[in-house]
Amino acid sequence: MTGANFLLTDGPSGLKILVDCGLFQGNKAFDEKNTENFAYDPKMIDYLFVTHAHLDHIGRIPKLVRDGFRGVIYSTLPTKEIAEIALADSLNLFKKENGDNAEPFFSRDDLNQAMAMWQTAEYHETVNLEEGLRVTLKDAGHILGSTMYEFARGDRRLVFTGDLGNSPSPLLHDTEKINDANYLVMESVYGDRNHEDRSQRRNLLEDAIEDTVKAGGTLMIPAFSIERTQEILFEIENMMEESRIPLVPVFLDSPMGIGVTAVYKKYAKYLNDAVRLEIEQANNKIFHFAQLHETLSTDESKAILRSNPKKIIIAGSGMSTGGRIIHHEKNYLSDPKSTLLLVGYQQAGSLGRMLQDGVKTVKIMGEEIAVRAKIASISGYSAHKDSDHLLQFVDDTKDTVQEVFVAMGEPKSAMFLAQRLRDYLGVNARFPEVGEVAEIEL
């Protein structure tokens, strides 16, 4: 479900077009896959369209450049800016974890070259390619700047969804409806299960904060630096302003999360109407409250341990596969008064998934840690549509769609969704194999 990378070869124009070029993630076994040669010649690729700035969709772009890609990259402006932050952070993390002797699969020069080749477009803008092929950007509602790409010639349309947002979002516009696609390539992360009701997620977060503070412990929230961190901060800020939770320190302990939050502030026009109104009423401020502490430096991060135990820590990575959160887990997982709150998808094999599945001990940085803290999950803060809403998304275009390729999910999830689309909507849906080639008519 990671390493998103699709190749569209257009017969009439001869163009070779990529959609996304992502990192394989989840555990150490995927590291070698990220260094392997691409299944195509990067020198022959004309365009790369990026759906959004999560690493599993952008993480190998600098490698693509290193291996010879010299085409044009397209995305929205927020995606480009967040991608540069995320890729630079990924490179720094590799060096920190592997030392100076290990050779990363891309360099800062490769990243800089990718940024120089990167153009931007707005939602609903159409990029005209060759032989009448055109590409239109639509709002996926997943993270800031996330995009669905509609490839069209005449009245024939192929849509790559990228990741689809869990609308309604506290911050973003709803996912745009697609009602005239002939072909869909869609995600299926939650294809076999549903989130709790959206109205419950804020109450569950409030309960987790209140219960942990009352017990005298620390609430740890492993959060993806993009979108999840900003959603959680927004909810906590509002709950504190409404006196619904105690005014305890909130540490945003993620340099990348701090950088991405600044991009959210910069591009407020991409946020939904209610949030923009709230920003106007707060003198154009968002993610700005007295209890919030942004800890950029390592020394500031280490000092969190010496602060009052009644606190909230938001840090990456979201699956506890690295980043500063593992240091906090090492410090607090053995404390029965503390809580680890999982607010996003946990990839099979990740530390987050093991904790979610109830392991009693974990090894962190070579040390065996007994898990005595409470482990809780809120799936309603997922940035992905759940099974029912994926079905509803396809339902909007069932009268025109000829084939649905259900991808970007674990096999169990993708196959379940494909079968559900066939049974409930009567559409031709299938779960393609990696490397499979399908011929379509545009």
To the nearest 0.5 Å, tell me how far [X] [atom1] sits from [Y] [atom2].
X	Y	atom1	atom2	result
Gln119	Ser75	CD	OG	10.5 Å
Ser107	Asn112	OG	CG	8.0 Å
Leu233	Thr229	CG	OG1	6.5 Å
Trp118	Leu111	CH2	CG	9.0 Å
Leu333	Ile364	CG	CD1	5.0 Å
Asn272	Asp174	CG	CG	8.0 Å

Carboxylate-amine/guanidinium contact Glu210 Lys310, below 4.0 Å: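 Salt bridge absent between Glu210 and Lys310.
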Salt-bridge contact Glu150-Arg157 (side-chain N to carboxylate O under 4.0 Å):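 Looking at Arg157 together with Glu150, the answer is yes, because their closest N to O distance falls below 4.0 Å.
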His57 and His52 aromatic ring geometry - parallel, tilted or perpendicular at 30°/60° bounds: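 The arrangement is tilted - the two ring planes meet at 30° to 60°.
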Parallel, tilted or perpendicular: rings of Tyr149 and Phe151 (30°, 60°):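 Ring orientation, 0 to 90° scale: tilted.
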Ring centre gap for His389 and His195 strictly below 6.0 Å: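 When the ring centroids of His389 and His195 are compared, they turn out to be at least 6.0 Å apart.
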Test item: His173 side-chain N/O and Asp139 main-chain N/O as donor-acceptor pair under 3.5 Å: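 Absent.
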Flag, side chain of Asp46 to backbone of Lys16, donor-acceptor distance under 3.5 Å: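 Between the backbone of Lys16 and the side chain of Asp46 there is a qualifying donor-acceptor contact (under 3.5 Å).
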Single hit among Glu196, Glu231, Glu235 for salt bridge (charged side-chain N to carboxylate O under 4.0 Å, His left out) with Arg202: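 Among the candidates, only Glu235 passes.
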Residue pair His384, Tyr345: steps toward the ring-ring contact (aromatic ring centres under 6.0 Å, His included) verdict: CA-CA 9 Å; His384 293 265; Tyr345 179 78; 7.4 Å; no
Nearest non-hydrogen partners of Asp110 and Val65, listed with the distance: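 Smallest interatomic distance, heavy atoms only, reads O-CG1, 4.0 Å.
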Distance-only polar pair, side chains of Thr2 and Gln347, donor-acceptor under 3.5 Å: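 No donor-acceptor contact under 3.5 Å links the two side chains.
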Six-ring centre of Phe106, Lys63 cation under 6.0 angstrom, axis tolerance 45°: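 No, Lys63 and Phe106 do not form such a contact.
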Partner of His54 under side chain to side chain contact (heavy atoms under 4.5 Å, CB included), chosen from Thr79, Ile82, Ile143: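 The option that passes is Ile143.
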Stepwise side chain to side chain contact (heavy atoms under 4.5 Å, CB included) test for Glu103 and Phe94: CA-CA 9 Å; Glu103 179 69 23; Phe94 178 91; over 6 Å; no
Chi angles and distances behind the side chain to side chain contact (heavy atoms under 4.5 Å, CB included) call for Phe405, Glu436: CA-CA 11 Å; Phe405 300 95; Glu436 183 177 334; 5.7 Å; no
